[in-house]
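Shown next, in structure tokens, is the structure this report addresses.
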Amino acid sequence: MTAPVFVVDRLDGMGPEFVLDGPEGRHAVSVKRLRPGEEVVLTDGRGRWTEGVVKAAEGKDRLIVTDLGALQEEAPATPRITVVQALPKGDRGELAVETMTEVGVDAIVPWAAARCITQWKGERGAKALAKWRATAREAGKQSRRVRFPEVADGATAKQVAALLAEADFAAVLHESGDAPLATAELPAAGDIVLVVGPEGGVSPEELALFTEAGAGAYRLGHSVLRTSTAGTAAAALLLGRTGRWS
């Protein structure tokens with residue numbers, strides 16, 4: 001899919017023409033500078049999408065789209081890959097969400113690990129979560145996805161353990177791991193859940209909790225990655241090995 005992607009609230013009941021306005025229309029007209037005859041994709045970000053052709057651009061924020069095709073739906077990918085991401089410092093959280101979205105992760109779970117310097121509390125936490133979700137939406141559009149990753153509410157270690165217990169394959173990136181993730185036996189379907197710890201690492205108590213839930217400790221390689229890049233690197237490895245990139 002090569003046409004630029006724009007998000008709309010509803011795809012049902014569209015007539016022969018559709019007016020893309022608001023922030024999405026402004027981006028199409030003033031940033032993308034789309035012109036008549038160019039193709040676009042309209043999606044709800046949850047797998048449903050349709051194609052259309054630009055008929056006209058009006059002002060700075062209205063794009064008239066015509067020749068709308070049949071409504072289509074992209075099935076959820078399998079195996080489903082969820083990354084539990086410990087909260088990084090500063091804007092590295094958004095960087096992690098952006099790159100994981102681009103490579104194809106299906107769900108991201110923010111995790112307030114014991115050794116996280118950053119903690120989401122109150123209004124500050126709500127704003128940070130909103131930024132992660134907005135980043136996933138924008139990165140989904142940029143990477144021409146029509147099914148954007150879910151960004152869950154922040155999780156505790158116990159909630160992460162419950163998620164791991166239900167997975168078909170559960171892994172924690174940890175320096176104590178004897179087995180490389182590159183040789184792990186992966187399921188052909190179901191749920192893969194990967195835990196990425198904070199810069200200070202997963203604590204012994206957390207590792208014991210996750211191991212009890214059925215997760216194995218794995219390593220990526222000999223170098224040490226930042227928490228904001230480890231999830232993307234590991235997800236790319238898993239996407240290649242499961243055939244989702246084939």
Side-chain angles (χ1 to χ4, degrees), residues 1-83 91 93-108 129-152 228-229 231-233 235-240 242-246:
M1 184 177 303
T2 58
V5 172
F6 298 94
V7 180
V8 298
D9 294 330
R10 292 185 58 186
L11 288 169
D12 296 314
M14 284 185 170
E17 291 185 356
F18 178 79
V19 178
L20 185 69
D21 54 13
E24 292 292 279
R26 187 175 304 110
H27 186 72
V29 175
S30 300
V31 179
K32 289 288 189 181
R33 299 183 181 277
L34 296 179
R35 295 293 181 262
E38 294 188 76
E39 295 182 349
V40 296
V41 170
L42 305 178
T43 181
D44 61 4
R46 297 183 295 275
R48 303 177 76 204
W49 61 281
T50 185
E51 293 177 303
V53 177
V54 176
K55 179 180 180 181
E58 299 178 350
K60 296 182 178 180
D61 61 358
R62 283 172 59 88
L63 195 75
I64 312 302
V65 182
T66 190
D67 294 339
L68 294 171
L71 186 60
Q72 302 185 58
E73 184 163 3
E74 180 181 275
T78 187
R80 175 181 166 88
I81 297 177
T82 297
V83 176
D91 61 0
E94 288 96 275
L95 173 63
V97 171
E98 179 180 55
T99 53
M100 286 192 287
T101 298
E102 289 173 359
V103 299
V105 165
D106 302 295
I108 300 167
L129 178 59
K131 282 186 178 180
W132 279 36
R133 287 174 172 163
T135 299
R137 172 188 169 109
E138 294 306 310
K141 289 160 52 179
Q142 177 67 34
S143 54
R144 310 290 170 90
R145 292 179 63 169
V146 295
R147 186 178 291 276
F148 303 162
E150 300 174 25
V151 179
S228 53
T229 55
T232 300
L237 175 63
L238 294 173
L239 286 159
T242 56
R244 282 184 50 180
W245 271 8
S246 62

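Here the structure is a predicted model, which means the values were calculated and not measured.
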Holding to side-chain contact (heavy atoms from CB on, under 4.5 Å), I want the full list of residues that pass it with [X], two or more places apart in sequence or in another chain.
X    : value
A130 : none
S228 : R92, L95, A96, R226
A236 : W245
A28  : F6, L20, L34, L63

Could you give all pairs that pass the side chain to side chain donor-acceptor pair (under 3.5 Å) test and reach residues 30-44, with sequence neighbours left out?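 The answer is none; no pair qualifies.
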Any pair with a residue in residues 54-65 that passes salt bridge (Lys or Arg N to Asp or Glu O under 4.0 Å), sequence neighbours left out, goes on the list, sorted by first then second residue, please.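 Qualifying pairs: E17-K55, R26-D61, E58-R62.
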From [atom1] ([X]) to [atom2] ([Y]), nearest 0.5 Å:
X    : Y    : atom1 : atom2 : value
R48  : Q72  : CZ    : CD    : 11.5 Å
L11  : L42  : CG    : CG    : 7.0 Å
I108 : F148 : CD1   : CZ    : 12.5 Å
H27  : E138 : NE2   : CD    : 7.0 Å

Mind checking side-chain hydrogen bond (donor to acceptor under 3.5 Å, both in side chains) for [X] and listing every partner two or more places apart, or none if nothing turns up?
X    : value
R133 : D153
E102 : none
T82  : none

Do you know the tightest heavy-atom contact between [X] and [Y]?
X    : Y    : answer
A136 : T101 : O-CG2, 3.7 Å
P149 : A107 : CB-N, 4.2 Å
P79  : D106 : O-OD2, 4.1 Å
T50  : G69  : OG1-O, 2.8 Å
R145 : R147 : NH2-O, 3.0 Å

Stepwise side-chain contact (heavy atoms from CB on, under 4.5 Å) check, I81 with L239: CA-CA 8 Å; I81 297 177; L239 286 159; 3.8 Å; yes
Between R244 and A77, is there a donor-acceptor pair closer than 3.5 Å when you use the side chain of the first and the backbone of the second? no
Please check: side-chain N/O of T66 versus main-chain N/O of V53, any donor-acceptor pairing under 3.5 Å? no
Tell me if the CD atom of Q142 is crowded by more than 12 foreign heavy atoms within 6.0 Å. no
Please enumerate all residues that pass salt bridge (Lys or Arg N to Asp or Glu O under 4.0 Å) together with [X], with sequence neighbours excluded.
X    : value
D9   : none
K131 : none
E98  : none

